[in-house]
Q: 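The structure that follows is given in the form of structure tokens.
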Amino acid sequence: QVQLVESGGGLVQAGDSLRLSCVASGRTFTGYNMGWFRQAPGKEREFVVAISWTGDHTYYADSVKGRFTISRDNAKDTVFLQMNSLKPEDTAVYYCAAAHTWAGWGRADGYNYWGQGTQVTVSS
């Protein structure tokens, strides 16, 4: 089993930056691909970014490419999401997720484990 806990969310102004963290615990973290999703009130959960186990492959949603950066520190079982130039449209609950395979990197149903989420609110 894998447990995921997100942190780092908050209330910021448009143009500001935040860094989210996701710490994994459990029997093993070896080989897991990781992703970030977000969900705004009344909307479906949407893909933000994914990173492979080794960190050599990343995929970003068009809406965040160039502004957000994903990274991971496998020695500390931690994944980060650096968010720059935040916009009001980025306001959502952000979820960290882990997957056994790379096949469904851009789909919520491709992930096996989920955190509880952390709120990001961007004011205009």
Side-chain angles (χ1 to χ4, degrees):
Q1 302 184 65
V2 175
Q3 293 80 45
L4 305 173
V5 179
E6 306 96 334
S7 63
L11 173 63
V12 298
Q13 190 173 353
D16 287 351
S17 298
L18 281 174
R19 189 173 79 155
L20 306 184
S21 299
C22 173
V23 179
S25 62
R27 187 171 64 187
T28 182
F29 194 54
T30 302
Y32 283 97
N33 304 303
M34 302 296 297
W36 287 94
F37 288 74
R38 65 187 183 185
Q39 188 167 22
K43 301 184 68 176
E44 295 183 349
R45 190 167 299 188
E46 66 176 359
F47 169 76
V48 178
V49 63
I51 187 169
S52 62
W53 163 247
T54 58
D56 58 347
H57 291 89
T58 57
Y59 293 91
Y60 293 85
D62 289 341
S63 59
V64 305
K65 195 169 186 177
R67 299 188 298 121
F68 291 10
T69 303
I70 190 171
S71 61
R72 65 191 300 168
D73 184 345
N74 290 344
K76 297 183 177 180
D77 293 333
T78 303
V79 180
F80 303 97
L81 181 63
Q82 178 67 45
M83 305 186 295
N84 298 328
S85 302
L86 283 163
K87 304 175 180 179
E89 304 93 276
D90 297 318
T91 295
V93 176
Y94 282 71
Y95 297 91
C96 177
H100 294 301
T101 72
W102 194 237
W105 54 264
R107 300 177 60 87
D109 59 8
Y111 291 79
N112 305 100
Y113 306 100
W114 294 84
Q116 293 298 305
T118 184
Q119 177 71 47
V120 173
T121 303
V122 185
S123 63
S124 60

Q: Quick check on the hydrophobic clustering: are Leu81 and Leu18 connected, directly or via other members, by side-chain heavy-atom contacts under 4.5 Å?
A: yes
Q: Going hydrophobic residue to hydrophobic residue with side-chain gaps under 4.5 angstrom, can you get from Tyr60 over to Tyr95?
A: no
Q: Identify the residue among Glu89, Lys87, Arg38 that makes a side-chain contact (heavy atoms from CB on, under 4.5 Å) with Ser63.
A: Arg38
Q: Please check if the side chain of Asn74 supplies one atom and the backbone of Thr54 the other of a donor-acceptor pair under 3.5 Å.
A: no
Q: Give me the atom names and distance for the closest heavy-atom approach of Gln1 to Gln3.
A: CB-NE2, 3.5 Å
Q: From Ser25 OG over to Leu4 CG, what is the distance, rounded to the nearest 0.5 angstrom?
A: 7.5 Å
Q: Would you say Glu6's side chain and Cys96's backbone share a donor-acceptor pair under 3.5 angstrom?
A: yes
Q: Nearest 0.5 Å, please: how far is CZ in Arg45 from OH in Tyr111?
A: 12.5 Å
Q: When hydrophobic residues are tied together by side-chain contacts of less than 4.5 Å, even through go-betweens, does Leu86 share a cluster with Ile70?
A: yes
Q: Return the OG1 to NZ distance between Thr58 and Lys65, rounded to the nearest 0.5 Å.
A: 8.0 Å
Q: Please walk me through it: do Trp105 and Ser52 pass side-chain contact (heavy atoms from CB on, under 4.5 Å)?
A: CA-CA 9 Å; Trp105 54 264; Ser52 62; over 6 Å; no
Q: Anything under 30° is parallel, anything over 60° is perpendicular, the rest tilted; go ahead and classify Tyr59 against Trp102.
A: tilted
Q: Considering all heavy atoms of both residues, which atom of Asn84 and which atom of Ser17 are nearest to each other, and what is their separation?
A: OD1-OG, 2.9 Å
Q: Flag yes if Val23 and Val93 sit in one hydrophobic cluster, no otherwise; membership is Ile, Leu, Val, Met, Phe, Trp, Tyr, and two members link when side-chain heavy atoms are under 4.5 Å apart.
A: no
Q: Is His100 close to Tyr113 at the side-chain level, that is, under 4.5 Å between some pair of heavy atoms?
A: yes
Q: If I compare all heavy atoms of Val79 with all of Met34, which pair ends up nearest, and what's the gap?
A: CG2-CG, 3.5 Å
Q: Return each pair, listed once, that meets side-chain hydrogen bond (donor to acceptor under 3.5 Å, both in side chains) where at least one residue sits in residues 115-124; pairs must be two or more places apart or across chains.
A: Gln119-Thr121
Q: Could you go through Phe68 and Trp36, starting from their C-alpha distance and side-chain angles, then the distance that decides it, and tell me whether this counts as side-chain contact (heavy atoms from CB on, under 4.5 Å)?
A: CA-CA 11 Å; Phe68 291 10; Trp36 287 94; over 6 Å; no
Q: Output yes when a side-chain donor or acceptor of Asn112 lies under 3.5 Å from a complementary backbone atom of Ala99, and no otherwise.
A: no
Q: Tell me whether the count of non-hydrogen atoms from other residues, nucleotides or ligands lying under 6.0 Å of CG in Asp109 goes above 12.
A: yes
Q: Please enumerate all residues that pass ring-ring contact (aromatic ring centres under 6.0 Å, His included) together with Phe80, with sequence neighbours excluded.
A: none
Q: Which atom pair, heavy atoms only, marks the closest approach of Tyr32 to Ala98?
A: CD2-CB, 4.0 Å
Q: For Met83 versus Tyr94, what's the shortest heavy-atom pair and its separation?
A: SD-CE2, 3.9 Å
Q: Check Pro88 against Ala14 and note the closest heavy-atom contact, atom names and distance.
A: CD-CB, 4.1 Å
